[in-house]
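Just below is one structure, and these are the notes that go with it.
Protein chains get the first letters and strands the later ones, always in sequence-line order, with residue 1 at the start of each.
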Amino acid sequence: MRILAGQSATLRVERSWTVETPMPMETDKASIPVVKEETIAQPDSAAVEIKEEPSAAKPAAEEKPTTKRKRQEDKSPAKKPAPKKTNNKRRIGSSSSDSSSSSSSDSSDSSSSDSSSSSSSDSSDSDSDDDKPIAKRKKAEPKKTPTKKTPTKKTPAKKKSEPTPKKEAAKKTPKKEPVKAAKESTPKKRSVKKEDGETGTETPVKKKRGKQEEEEEQYKWWLESDKEDDSVKWTSLEHNGVLFPPAYEPHGVQLMYDGKPVKLPAEAEEMATYFSQYLETDHMKKPQFKKNFFKAFKDILSEKDKNNKITKFDLCDFSLIQKHLKDKKEERKNRTKEEKDKEKLEKEMITKKYGWAIVDGHKQKVGNYLVEPPGLFLGRGDHPKAGIPKRRLMPEDVTLNLSEGAKVPECPISGHEWGGIVHNNNVGWLATWKDSIKPEAIKYVWLGANSRVKGKSDIKKFSTAQNLKKHIKEIRETYTKEMKDEDDKIKQRATALWIIDHLALRAGNEKDDESADTVGCCSLRVEHIKCTEPTTIEGEADGGRYYNVVKVDKQVFKNLKQFQKGKEPSDELFDQLSTNYVNAHLKGMMEGLTAKVFRTYNASITLEKELANMKMTDDMSVEEKMIMYNRANREKSVAKGHDAQMGKLDTVIKDLEEQKKKLQAHLKAVKKGKIPEQPDEETEDGKKKKKMPDDPAKIEKQISLIDERIAKTEHKKTEKDDLKTVSLTTSKINYIDPRISVAWAKANDVPIDRIFNKTLRAKFPWAMDVDADWRF
DNA sequence: ACGGCAACTTAGGATCTGCATC
DNA sequence: GATGCAGATCCTAAGTTGCCGT
């Protein structure tokens with residue numbers, strides 16, 4: 001099992017966060033051991049043992065059938081597809097007008113471009129500035145339950161996991177919200193936008209293209225006063241649906257089975273092809289992956305050919321297909337400029353069509369508009385379902401969400417129909433479907449990270465974290481006190497909170513055994529915590545175990561011991577807790593507070609503190625200032641300790657050392673006059689292993705070469721350790737309030753683009769306006 | 001008060017890109 | 001030009017949380 005990722009990061013982090021914590025946990029690794037025992041506690045959080053998974057086969061088997069079944073059902077389109085009702089004509093086509101793809105690349109939206117040509121689009125941009133009003137303006141007509149009804153999610157339909165497609169709505173009653181929405185926006189007009197465009201009338205006036213192109217780029221939604229109800233995500237939504245990957249084109253390359261070429265049926269060939277692309281990856285090290293794949297492969301083979309003879313994985317040789325894939329890749333790399341340009345153009349056309357949605361009159365980027373292509377499931381860790389083929393999605397699998405009046409996008413695959421159309425403005429997704437491998441998993445197409453909907457929720461996240469600042473003292477005092485409560489449940493809760501606060505462990509929901517085995521706070525098991533003497537070493541990562549020692553205060557130490565007492569290693573440490581329970585309690589202490597808020601809060605407050613600690617002087621160059629900034633950030637990212645890249649270096653070193661040992665042994669033998677037999681071996685990736693030379697001098701030379709490489713790798717490792725900016729991006733994206741960095745940059749005259757890359761800037765446009773003295 | 005599902009966020013591997021180097 | 005990298009970006013698995021029904 002793996003401990004939740006976040007956690008590991010946490011550990012180190014803690015150090016920095018110390019400041020704020022009531023009980024300072026100073027400690028650096030070094031110090032740890034020294035501390036007096038009682039105080040110290042060292043929960044090792046994470047020991048991770050990789051556990052082997054249950055038999056892979058079984059899940060696979062079941063899965064498949066399901067899929068199939070599902071497919072059939074889907075067929076029924078259910079739902080009335082198009083509520084189109086009124087007018088609406090499509091803007092769709094038009095929008096595509098030209099526009100620049102280029103723009104797209106740039107941050108926000110380049111929407112402007114299009115304006116020129118198509119009416120529709122332009123309108124959008126122009127709107128941006130002024131339009132806000134526009135959007136709201138009319139809307140009237142659909143009055144009826146327009147959006148309202150939307151709320152119905154398809155939910156009702158589904159009852160349990162029935163594959164039943166969506167039936168849309170069961171109409172759940174619209175909750176009141178919708179109502180509200182409706183009334184508020186009295187004037188609303190629905191998708192005015194398009195109309196405008198089409199008509200070309202009024203709106204255009206103001207839009208006047210000219211500059212607009214440039215200005216429009218930004219729709220400053222964060223400046224809008226928003227009294228609107230949070231639960232209503234839009235009043236009008238139009239988009240062009242989703243894109244499906246092209247159908248599989250058989251290449252005819254054969255599989256070698258037991259030394260003989262076999263022509264595979266297209267379906268099997270497709271599956272074999274997906275598998276072949278992973279031949280040289282770590283996925284091959286997971287037996288489960290191969291097992292699951294092969295089971296599915298055999299099934300499809302026997303379905304297509306009653307006399308299928310391919311039954312043993314070990315007799316399959318995919319190298320021809322692999323070779324073919326490599327050739328194709330090579331070919332792609334060598335495309336001529338014209339070919340590349342042509343492709344680029346095609347891509348732009350596609351983006352133009354699918355990459356945008358019109359939300360309340362504003363053109364906003366869509367996230368992943370391409371539905372997940374078929375392929376093998378790549379679970380992380382030792383996932384029991386790794387390697388199972390994900391089936392190809394068809395329009396029938398997909399439900400779209402758009403305005404009631406909006407035009408329903410044409411189904412991109414002829415002869416097929418959308419699985420359903422809903423009008424739910426209480427949710428932010430544009431399209432959804434069920435995962436074929438994990439039926440309980442639902443996939444979505446969302447608006448882009450820089451869209452209003454996503455941005456608003458980001459702001460909300462950070463303001464909740466800011467709010468925690470006001471309550472943290474009391475919360476900490478409370479749980480510190482409660483750690484001594486006689487009621488075990490409260491005691492557990494308090495202890496868990498301590499862990500969540502200090503270690504940034506995730507909440508830790510329950511999971512079934514069909515999932516990867518990871519744990520978070522509430523699902524920690526007795527075996528994960530080891531309360532040892534102070535001498536334990538910290539941060540030892542080897543093999544599959546992640547080991548970490550953290551100093552905790554006396555009470556926590558005592559409590560953990562108590563909770564472990566009398567339990568089996570596999571028992572839950574906090575047997576009385578559930579994430580629901582813990583979150584409910586948190587909510588009682590502060591509105592909107594949940595376990596994950598602590599991570600955001602701690603990460604943000606720490607950065608702000610670290611930045612404040614950096615002594616900045618006016619004569620520093622930007623470069624020097626950046627060093628300071630990175631150092632402040634590092635305090636946190638360092639927490640990560642061994643990350644993937646470091647792990648890789650470790651592996652390299654280990655491999656080299658092993659090789660060295662072998663050579664040394666070989667050398668010894670040779671010197672003694674016996675030359676050992678060296679069987680033909682194959683390395684994992686199927687390449688022939690080179691035999692070791694029998695000449696002592698050569699062997700020695702090889703050894704010294706290896707020594708050199710080891711030294712080099714070690715050096716690299718140190719360097720990396722030092723810089724460790726790793727995952728900085730992640731924290732910037734997810735946890736740290738961007739305004740902290742922006743304010744710092746302004747205060748120190750550092751250009752924003754030195755701190756935030758393009759993606760970040762696009763994601764946080766709302767943070768760019770803060771003043772230099774803004775404080776979290 | 002709980003469990004399950006839907007919706008949404010976050011993490012981290014896979015891929016792509018641009019750039020430095022050989 | 002081919003290579004190798006690292007950072008940016010894409011993609012989607014795997015979390016969390018709210019809500020709703022029982």
Side-chain angles (χ1 to χ4, degrees), chain A residues 2 4-9 105 153-162 166 172-173 175 230-231 233 277-278 281-283 329 332-334 367-373 375 377-381 383 385-386 390 399 401 424 426-429 432 434-435 437-449 453-454 457-458 460-461 500 505-512 515-523 578-584 586-587 592-597 599-600 640 643-645 648 716 720 723 725-731 733-735 756-760 762-763:
Chain A
R2 301 180 296 154
L4 297 185
Q7 172 214 3
S8 52
S105 55
K153 338 174 109 261
K154 52 217 306 47
T155 355
K158 53 218 9 298
K159 221 79 276 119
K160 59 187 24 201
S161 54
E162 287 289 22
K166 29 278 291 39
K172 25 217 19 207
T173 44
K175 354 180 77 256
D230 233 19
S231 60
K233 314 267 174 155
Q277 67 181 285
Y278 297 114
T281 66
D282 285 352
H283 297 294
K329 205 167 183 184
R332 229 184 103 67
K333 226 165 63 184
N334 297 329
N368 284 352
Y369 49 81
L370 175 66
V371 301
E372 294 181 12
F377 174 74
L378 304 182
R380 306 208 194 123
H383 196 112
K385 295 189 172 183
K390 287 199 292 189
T399 297
N401 186 27
N424 184 349
N426 291 140
V427 296
W429 52 265
T432 185
K434 287 229 178 109
D435 189 83
I437 297 211
K438 292 179 281 178
E440 74 279 8
I442 303 172
K443 302 295 182 86
Y444 301 90
V445 170
W446 307 99
L447 287 167
V453 171
K454 291 290 184 186
S457 90
D458 243 20
K460 192 170 154 205
K461 171 178 78 181
I500 287 169
L505 211 65
R506 298 210 265 194
N509 281 315
E510 294 289 317
K511 291 187 296 201
D512 57 47
S515 321
D517 187 13
T518 54
V519 296
C521 191
C522 293
S523 50
S578 72
T579 54
N580 260 347
Y581 172 71
V582 172
N583 278 334
L586 287 175
K587 206 106 49 91
L593 185 61
T594 61
K596 71 181 201 146
V597 176
R599 307 187 94 202
T600 311
K640 204 141 205 183
D643 59 24
Q645 290 189 38
K648 255 177 222 159
K716 209 165 165 188
K720 190 151 247 156
L723 296 182
T725 40
V726 204
S727 86
L728 218 183
T729 314
T730 304
S731 38
I733 286 186
N734 298 318
Y735 298 126
F756 285 163
N757 64 25
K758 203 176 74 182
T759 311
L760 257 8
K763 180 171 178 191

For B:dC8, take OP1 and OP2 only and decide whether either is under 4.0 Å from a side-chain N or O of A:Lys596. no
OP1 or OP2 of C:dA13 versus the side-chain N and O atoms of A:Lys443: is any pair under 4.0 Å? yes
Establish, with yes or no, whether the OP1 or OP2 oxygen of C:dA8 is under 4.0 angstrom from a side-chain nitrogen or oxygen of A:Asn757. yes
Within the 4.0 Å heavy-atom criterion, would you say A:Lys329 contacts the bases, only the backbone, or no part of the nucleic acid? nothing
Atom NZ of A:Lys461 and atom P of B:dA7 are separated, to the nearest Å, by 20 Å
Would you say A:Ser515 reaches C:dA14's phosphate, i.e. side-chain N/O to OP1/OP2 under 4.0 Å? no
Strictly below 4.0 Å: does A:Thr579 bring a side-chain N or O up to OP1 or OP2 of C:dT16? no
Any side-chain N or O of A:His283 below 4.0 angstrom from OP1/OP2 of B:dA14? yes
With side-chain contact (heavy atoms from CB on, under 4.5 Å) as the criterion, how do A:Lys443 and A:Val371 come out once you've worked through the C-alpha distance, each side chain's angles and the decisive distance to 0.1 Å? CA-CA 9 Å; A:Lys443 302 295 182 86; A:Val371 301; over 6 Å; no
Could you tell me whether the side chain of A:Val582 reaches within less than 4.5 Å of the side chain of A:Thr579, counting heavy atoms only? no
Under-4.0 Å side-chain N/O to phosphate OP1/OP2 contact, A:Asn580 with B:dC2: no
When you check the phosphate oxygens OP1 and OP2 of B:dC5, does a side-chain N or O of A:Lys434 lie under 4.0 Å from one of them? no
Which part of the nucleic acid, if any, lies within contact of A:Ser457, taking any heavy atom under 4.0 Å across all strands shown: a base, the sugar-phosphate backbone alone, or nothing? sugar-phosphate
Can a side chain N or O of A:Lys511 be found less than 4.0 Å away from OP1 or OP2 on C:dG15? yes
